[in-house]
Number of protein chains: 2
Amino acid sequence: MQSYTEENYLKVIYHLSEISNPVQTNAIAERIQTKAASVTDMIKKLSEKELVNYVKYQGVTLTEKGKLTAINIVRKHRLWEVFLVDKLNFKWDEVHEVAEELEHIQSSLLIERLDEFLEFPKVDPHGDPIPDQHGNFAELAFVKLSKLSPSEKGTITGVSEHSSAFLKHLEKLGLTLGKRIEVLEVIEFDGSVALDVEQQKINISREVAKHILISKY
Amino acid sequence: MQSYTEENYLKVIYHLSEISNPVQTNAIAERIQTKAASVTDMIKKLSEKELVNYVKYQGVTLTEKGKLTAINIVRKHRLWEVFLVDKLNFKWDEVHEVAEELEHIQSSLLIERLDEFLEFPKVDPHGDPIPDQHGNFAELAFVKLSKLSPSEKGTITGVSEHSSAFLKHLEKLGLTLGKRIEVLEVIEFDGSVALDVEQQKINISREVAKHILISKY
DNA sequence: TTATTATTTTAGACAAATCTAAAAATTTTA
DNA sequence: TAAAATTTTTAGATTTGTCTAAAATAATAA
């Protein structure tokens, strides 16, 4: 069994390793809001427990065991987010912090019953997939909006950035889950994208486009 | 804001002070599964934060501030128990440990929404009353006999345990529906209760008293 | 390819919560 | 009421997770 803190490190390493692998000490420190020295200490501890592979100065990767633990926390986090939005009427930009706490509750009975109560959801309110109890993700076909070319169409099915600033920005632009979009133009100068959303032409920066997930069907 | 550990101490002191006030160091140590020395340390800390009144060797009482904090944790615990039983089909004897964890989640929005979702329950699955967000308990038609203080009177109007062993025990003691009782004394040692029933003085354990419901009118 | 800069690790310290062992205070018993 | 037993507190140590400052390593630039 891992401590609350250890769980947080594993989760953060899991998320960061989707961007780059192995994960750097400083990247973890920034995400966890702590100092690099503290990260090194914790990494050593996780390494002794065989939850991560660690080579000095080279960064960390999760072991199979560490990855399963991390995915389990992600599962709990996303199920709780569904609960908060579907049952308690939280808005999608209000759920993250509370789910950060709830994800550490230790009871597999609780989480399986919650899954059932929510009718086995496959994605969370941000469109991120929810793994099953064995750590397997359902196959979901989506692409970053920033990867689409002019004239390509699709439906917004998720985001890969969950700060409330970002989510509020999207709401203001009318870019919410389920909306149908078409790419009109990709500006060479800065990579920004011109879109058609419900007959409205809007422009978004490449930074924003990168975090919008599109299903092409 | 209090730590997880501080919250636990406050909650335990709150519950123990219903049996005897002030609360002894050893009583807390036993409940929290720790050593008396550790309790003394924590009590000093809580005292500095003005959450408890502490006199060396005399035990502790909660301050108004400490009591409110404790009641708030009790509120959260009981609301989560209702959720687990009513929504996730937990049995009433499976909920306690999970609720012990859930009660420490910090989000008043969460707890108010949960209250609403559960349709503002007044009692938890064990029949214990759920205080409102200001720490007030609703006046209930029934009170557990174990909650009465010396000299309080009432009429036996129900039980919250239906095993035949328990019911036979009550018959033997003459504690049947409709009988008028008066609490003579609550024994500090084990929380057992001395009663007057039809001019007879009898003693019952706290465990039994907990399952006898009294109407005070 | 050496110098500079950035990143990471080590060493030693600190705060929170706990522990053991011994001392102090209180309560009970004789 | 003095001795014995119990309860509580103190003193000093330990564990977990963190920190600062300095040293080591790696990456980048001249």
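None of the values given here were measured: they were computed from a predicted structure. Naming convention: chains lettered A, B, ... in sequence-line order (proteins, then strands); numbering from 1 in each chain.
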Under-4.0 Å side-chain N/O to phosphate OP1/OP2 contact, B:Asn26 with D:dT6: no
A:Tyr57 side chain, from C-beta outward: closest of D:dA26, C:dT18, D:dT8: D:dA26
Nucleotide D:dT16, atom P - distance to CD of A:Glu7 in whole Å: 16 Å
Sugar-phosphate only, base, or nothing, as touched by B:Tyr9 at under 4.0 Å among non-hydrogen atoms: sugar-phosphate
Rounded distance (Å) that lies between atom P of D:dT8 and atom CD1 of B:Ile32: 14 Å
A:Lys35 side-chain N/O to D:dA21 phosphate OP1/OP2 under 4.0 Å: no
Side-chain N or O of A:Tyr54 closer than 4.0 Å to phosphate OP1/OP2 of C:dT8: no
Between C:dT27 (C1') and B:Gln58 (CD): distance, integer Å: 12 Å
Atom-to-atom span, CD of B:Glu6 to C1' of C:dA15 - whole angstrom: 13 Å
Sugar-phosphate only, base, or nothing, as touched by B:Thr25 at under 4.0 Å among non-hydrogen atoms: sugar-phosphate
N/O (side chain, B:Lys56) to phosphate O (OP1/OP2, C:dT26) under 4.0 Å: no
Selection from D:dT9, C:dC19, C:dT9 that lies nearest to any side-chain heavy atom of B:Asp41: C:dC19
Under 4.0 angstrom between B:Thr34 side-chain N/O and C:dC19 OP1 or OP2: yes
Candidate nucleotides D:dA26, D:dT9, D:dC19, ranked by approach to the side chain of B:Ala37 - the nearest: D:dT9
Lys NZ or Arg CZ of B:Lys87 over B:Phe117 ring: under 6.0 Å, within 45°: yes
Sugar-phosphate, base or nothing in reach of B:Thr40, heavy atoms under 4.0 Å: base
Distance-only side-chain donor-acceptor flag, A:Thr61 / A:Asn21, under 3.5 Å: no
Between D:dT6 (P) and B:Glu30 (CD): distance, integer Å: 15 Å
Given A:Asp132, A:Asp115, A:Asp124, the one that forms salt bridge (charged side-chain N to carboxylate O under 4.0 Å, His left out) with A:Arg75: A:Asp115
Rounded interatomic separation in angstrom, taking CD1 from B:Ile43 and P from C:dT18: 12 Å
For the student: nearest non-hydrogen atoms of B:Lys76 and B:Ile105, plus distance: NZ-O, 3.1 Å
Spacing of A:Asn8 atom CG relative to D:dT16 atom P, expressed in whole Å: 18 Å
Inter-residue atom distance B:Lys172.NZ - B:Leu170.CG, 0.5 Å rounding: 11.0 Å
Atom-pair distance (CD on B:Gln24; P on D:dT9), nearest Å: 10 Å
